[in-house]
Amino acid sequence: MTASFPKLTSDANIGIAGAGLLGKLLAWRLSTAGFRVSLFDAASMSNPQCAAHTAAGMLAPISEAAESGPEVYTMGVYGLERWSQWLNELGTNAATCIHQNGSLLVAHPQDENELHQFLADTHKLRAEPGCSIQQVQSAELQQLEPDLSRQFQKGLLLSPEAHLDNRQLLQHLHEQLSLPQVSIYENTSVSAEPFCIKNKNTAERHTFDLVLDCRGVGARETLANLRGVRGETLHLETTEVILNRPVRLMHPRYQLYIVPKPDHRFVIGATQIESEDTSPISLQSSLELSSAVYTLAPAFAEARIVEAGVNLRPAFANNLPSVTDQPGLITANGLYRHGYLLAPAVVDHVMDVIQHTCQSPFGTLFKSPNNCSSNTTNLSSEPVYE
Ligand SMILES: Cc1cc2nc3c(=O)[nH]c(=O)nc-3n(C[C@H](O)[C@H](O)[C@H](O)COP(=O)(O)OP(=O)(O)OC[C@H]3O[C@@H](n4cnc5c(N)ncnc54)[C@H](O)[C@@H]3O)c2cc1C
């Protein structure tokens, strides 16, 4: 553990800035461990603005590692297992929020080299124990997903991969936070400093034994090399299509996924644009997403577009997460497009730093030379403070 990071008593008072994915999860883990927690968010809980609300909720260590590297796979596989445990802890309703049916990659016949490229990119990964990338032909494709267009001749079934009903999950987490030792401050935009959270509008200061900064892209004011990466989604509703797992369309120009959600809903996503613009979805993006989904399953033609989502993924230069600690302040950020996948690794690591338990399996991954963690437990390029 860090020499500089003081051990807290179990009834310490902890302030968390940001009630998105990391903020809510840490509030839950800390309050369950007996700490008193105050959770601040700029938005209201009934109208969340976090990337976690916009996200598709895929837990896709293989698909993500193909683009992002082996650390994402290692932390992702850990995350998959941890989500199952956590959801069981959250109760029987929450336990149904995870669907572990793998995911399917398909390409139009003229683009099948995209599947070959994926196989080449994941060559090393396939040697990992438990990692399965199964080539499937049209008959098996039809068995797995009968509503997919019959034009698809080949696909890849990836396991272990899963998806979460993420909005329900956030709701279950929120319900857990109605414990007496948790105070929630909604519509409260704050800054985070060692031992202090400051209301930006009223300048009121709340002091704590420890502050956690989990503001996602909202922390750009102090983390100068954090950026937002725009992502756009469409939410469709139809009873004409049933999918059992996320389906990704591999395409040379854009990659699209469909993730099934409860109540005959589907999230179609997502664009990935190097821009911090949060204005509504563009015509081009909505055309690309909707025409691609129509080619995947023509029965989507009659689906209703019930929502178009836009949000920013918080990312550092190498698109990997970062946890830093100093007395009175821990920052956790940069979960990029893998927030749900990597959150268990990051949250358990933060808990480890706070509780001095030296159990984080990511001690080495987070580059700790001598101790079980370091005070710049940083997978990413070093955050720059302004
Ligand atoms: C379109 C899209 C699709 C995605 N799909 C997936 C997916 O399929 N799988 C996956 O694993 N990940 C996915 N992600 C990524 C995932 O959503 C993020 O990585 C994750 O939500 C980051 O968690 P966070 O807690 O750091 O930030 P957030 O979830 O964004 O939470 C930050 C919170 O801080 C609050 N805040 C900000 N500034 C302040 C302030 N000054 N004061 C108080 N509160 C503040 C915000 O209101 C927000 O509630 C997707 C993201 C997007 C945008």
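Along the sequence shown, the residues carry numbers beginning at 1. We count ligands from 1, going down the list as the structure has it; atoms in each ligand are counted the same way. These numbers come from the heavy atoms of this one structure, side chains and all, not from hydrogens, waters or symmetry mates.
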Atoms of ligand 1, numbered as shown, that sit under 4.0 Å from any heavy atom of Y336: 15 (C), 16 (C), 18 (C), 19 (O)
Backbone or side-chain N or O of A17 under 3.5 Å from ligand 1 N or O: no
Atom indices of ligand 1 within 4.0 angstrom of G216 heavy atoms, with elements: 26 (O), 27 (O), 32 (C)
Close-contact set for ligand 1 against C50 heavy atoms, below 4.0 Å: 28 (P), 29 (O), 30 (O), 31 (O), 48 (C), 49 (O)
Check: D209 side chain, A12 main-chain N or O, donor-acceptor pair, under 3.5 Å: no
Protein contact of atom 25 (O) of ligand 1 - nearest heavy atom, named by residue and atom, plus distance: L22 N, 2.9 Å
Atoms in ligand 1 with a heavy atom of G57 nearer than 4.0 Å: 7 (C), 8 (O)
Salt-bridge criterion met for E89 and R29 (N-O under 4.0 Å): yes
Check: Y340 N/O within less than 3.5 Å of ligand 1 N/O: yes
Test item: side-chain donor near acceptor, D348 and Y78, under 3.5 Å: yes
Donor-acceptor side-chain pairing of Y336 and E64 below 3.5 angstrom: no
Atom 1 (C) of ligand 1: nearest protein contact (heavy atom, Å): T233 CG2, 3.7 Å
Salt bridge (charged side-chain N to carboxylate O under 4.0 Å, His left out) assessment of E204 paired with K198: CA-CA 6 Å; E204 187 185 357; K198 194 164 117 190; over 6 Å; no
Top protein contact for atom 20 (C) of ligand 1, by heavy-atom distance: G339 CA, 4.0 Å
Aromatic plane relationship, H251 with H108 - under 30° parallel, 30 to 60° tilted, over 60° perpendicular: perpendicular
Ligand 1 contacted by T188 (non-hydrogen, < 4.0 Å): yes
Side chain, backbone, both or neither: the part of R337 lying under 4.0 Å from ligand 1 by heavy atom: backbone
Donor on one side chain, acceptor on other, Q100 and S84, under 3.5 Å: yes
Derivation and outcome, salt bridge (charged side-chain N to carboxylate O under 4.0 Å, His left out), residues R167 and E307: CA-CA 14 Å; R167 290 188 178 177; E307 187 181 323; 2.8 Å; yes
A55, any N or O under 3.5 Å of ligand 1 N or O: no
Short N or O distance, A51 and ligand 1, threshold 3.5 Å exclusive: yes
Region of L59 engaging ligand 1 - heavy atom pairs below 4.0 Å: neither
Per-residue contact class, Y257 against ligand 1 - non-hydrogen pairs under 4.0 Å: side chain
Ligand-residue contact atoms, ligand 1 with L335, heavy atoms, under 4.0 Å: 19 (O)
Cluster overlap L104 with M250, hydrophobic side-chain contacts below 4.5 Å: no
Nearest non-hydrogen protein atom, atom 23 (O) of ligand 1: L21 CB, 3.7 Å
Plane angle bin for W83 and W86 - parallel if under 30°, tilted between 30 and 60°, otherwise perpendicular: perpendicular
Protein heavy atom at shortest distance from atom 5 (N) of ligand 1: A56 N, 3.2 Å
For atom 43 (C) of ligand 1, the protein heavy atom that lies nearest, with its residue and separation: A42 N, 3.2 Å
Region of H338 engaging ligand 1 - heavy atom pairs below 4.0 Å: backbone
Side-chain donor-acceptor contact under 3.5 Å, S279 with D277: yes
Close approach, C214 and ligand 1, non-hydrogen under 4.0 angstrom: yes
Distance-only N or O hit between ligand 1 and R313, under 3.5 Å: no
N/O separation below 3.5 Å, A52 to ligand 1: yes
Same cluster (ILVMFWY, side-chain, under 4.5 Å), I197 and L329: yes
Flag, side chain of Y340 to backbone of L21, donor-acceptor distance under 3.5 Å: no
Aromatic ring pairing H163/H99, orientation class (parallel under 30°, perpendicular over 60°, tilted between): parallel
Within-cut-off N or O pair, A270 and ligand 1, under 3.5 Å: no
Sidechain-backbone polar pair: N311 side chain, C50 backbone, donor-acceptor under 3.5 Å: yes
Main-chain N/O of A42 paired with Q49 side-chain donor or acceptor, under 3.5 Å: no
Atom 49 (O) of ligand 1 [closest protein heavy-atom partner, distance rounded to 0.1 Å]: D41 OD2, 2.6 Å
Ligand 1 N/O within reach of A43 N/O, cut-off under 3.5 Å: no
Residue, atom name and distance, where the atom is the protein heavy atom closest to atom 38 (N) of ligand 1: G218 CA, 3.4 Å
